Amino acid sequence: MEDLYYSDYIELDQILTSQHPKSFESLEEGNDEMLFIIVHQVYELWFKQILFELDLVRHIFVRDKINDNSDDLSRVVHKLKRIGKILELINQQVNVLETMTSLDFLEFRNVLLPASGFQSKQFRLIEAKLGLKMEQRFKTEYYKHTRRGSLSEADLQEVNQAEGESTLKELIIKWLERMPFFEEEYWLEYKPTSQANPVDRHRFWVDYRNAYQTSLSQNETGRLKEFDNVFFEEGRGRVPPAAMRAALFITIYRNLPILHLPFELLNTLSEIDELLSNWRYRHFMMVRRMIGLRVGTGGTSGAGYLEGTLSQHYAFREITEVATFLIERSKRPILPNALKEKVSFNL
Ligand code: HEM
């Protein structure tokens with residue numbers, strides 16, 4: 001067998017012959033379109049790697065039972081953290097494109113019409129596979145048609161299909177719902193600090209709710225109603241109450257050895273949301289500088305649309321908002337030994 005040659009292995013010729021600026025032919029006429037194309041290509045390559053990692057994580061989670069004590073969970077956390085590192089890197093990359101000024105951009109902006117990053121199928125797939133739903137998007141009408149500047153029909157179909165498959169968010173919810181923390185055998189020795197249990201709730205949660213109530217300041221008393229709603233009635237957003245309770249429990253008792261990884265997992269999901277949001281912000285600010293208030297090449301309102309996506313396109317909002325319901329460490333109910341043993345590595 002012939003020895004592999006570096007450029008053949010990574011198919012470098014194909015990559016390096018894929019930059020074809022449309023606004024100039026000779027180097028003398030050259031402008032920033034080359035930079036614009038290369039930066040977009042680099043982004044798309046990183047999007048591809050993110051999708052690869054995401055598919056792998058979803059594949060691990062799709063199994064009915066993932067063992068929290070095995071390699072499964074540490075692999076999941078490791079891959080998600082890698083996605084975080086890539087997002088950090090692509091946030092930095094905005095700096096390179098921002099060396100282009102708005103006048104530099106105007107030199108070639110018209111040649112790319114009506115193409116736009118709005119048509120990045122891979123970006124939409126990342127959002128969909130994380131768990132962002134169409135109806136949750138800012139200005140959903142932009143996504144519903146396939147006219148000039150929008151996603152092609154085939155791309156939109158692929159995004160819709162990804163949204164309909166098990167998204168990471170749905171898999172996380174199922175995993176949270178499976179948490180065995182409240183099986184009665186572990187709670188026999190629990191010493192409740194509250195007397196009454198008017199709504200037939202687990203005595204741990206009655207105690208926790210009381211502690212939460214005393215932690216609220218006067219102008220926050222409405223939060224108690226919210227607590228009941230989030231953890232015992234409707235849940236929050238698309239996360240049902242049982243999964244919200246598990247997420248809160250993991251967050252409060254993250255010092256227990258076996259909850260380290262589950263906590264890392266939840267924390268990394270919030271981090272991914274935050275880093276993606278940082279990217280949206282950097283991109284939005286860059287767009288303001290480049291085109292001011294003009295409409296985008298993809299036909300949206302431009303910066304206005306991008307600003308709207310900032311606060312609306314979180315995939316794991318509910319997980320991050322668990323922080324609303326935390327209490328101080330010293331006020332946490334003391335867990336019974338049977339449960340501590342169950343959730344420790346010393347079994
Ligand atoms: C001069 C630099 C850039 C300008 C002026 C710009 C402008 C815009 C505008 C106006 C939109 C809104 C859709 C539209 O109407 O066109 C948009 C969306 C988008 N752009 Fe850019 N963009 C730039 C660079 C980039 C880069 C480097 C990427 C990397 C892939 C990118 C990816 C995206 C994505 C993914 C969207 C969709 C965002 C969403 O819907 O949440 N853009 N861009």
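All figures in this text were calculated on a predicted structure; none of them were measured in a lab. Values below: every heavy atom of this structure, side chains too, minus hydrogens, waters and symmetry copies. We count ligands from 1, going down the list as the structure has it; atoms in each ligand are counted the same way.
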Q: Answer yes or no on whether Arg332 is positioned over the face of Tyr208, meaning its NZ or CZ is under 6.0 Å from the six-membered ring centre and within 45° of the axis.
A: no

Q | Qualifying residues under salt bridge (charged side-chain N to carboxylate O under 4.0 Å, His left out), relative to Lys174, sequence neighbours excluded | A | none

Q: Take Gln119 and Arg124 through the side chain to side chain donor-acceptor pair (under 3.5 Å) test and state the conclusion after the steps.
A: CA-CA 8 Å; Gln119 296 164 322; Arg124 300 282 170 237; over 6 Å; no

Q: Anything with a heavy atom under 4.0 Å from ligand 1 counts, so go ahead and list those protein residues by chain and number.
A: Phe36, Val39, His40, Tyr43, Phe47, Leu97, Met100, Phe105, Ser116, Gly117, Phe118, Phe123, Arg124, Tyr143, Trp279, Arg280, His283, Met286, Val287, Met290, Ile291, Gly296, Thr297, Gly298, Gly299, Thr300, Gly302, Tyr305, Leu306, Thr309

Please output the side-chain donor-acceptor pairs of residues 78-88 that fall under 3.5 Å, not counting sequence neighbours, one pair per line with the distance.
residue	atom	partner	partner atom	Å
Lys81	NZ	Glu264	OE1	3.0
Arg82	NH1	Glu53	OE2	2.9

Q | Flag if over 12 foreign heavy atoms under 6.0 Å of CD, Glu185 | A | yes

Q: May I have all residue pairs that pass salt bridge (Lys or Arg N to Asp or Glu O under 4.0 Å) and include part of residues 286-311, sequence neighbours excluded?
A: Glu98-Arg289

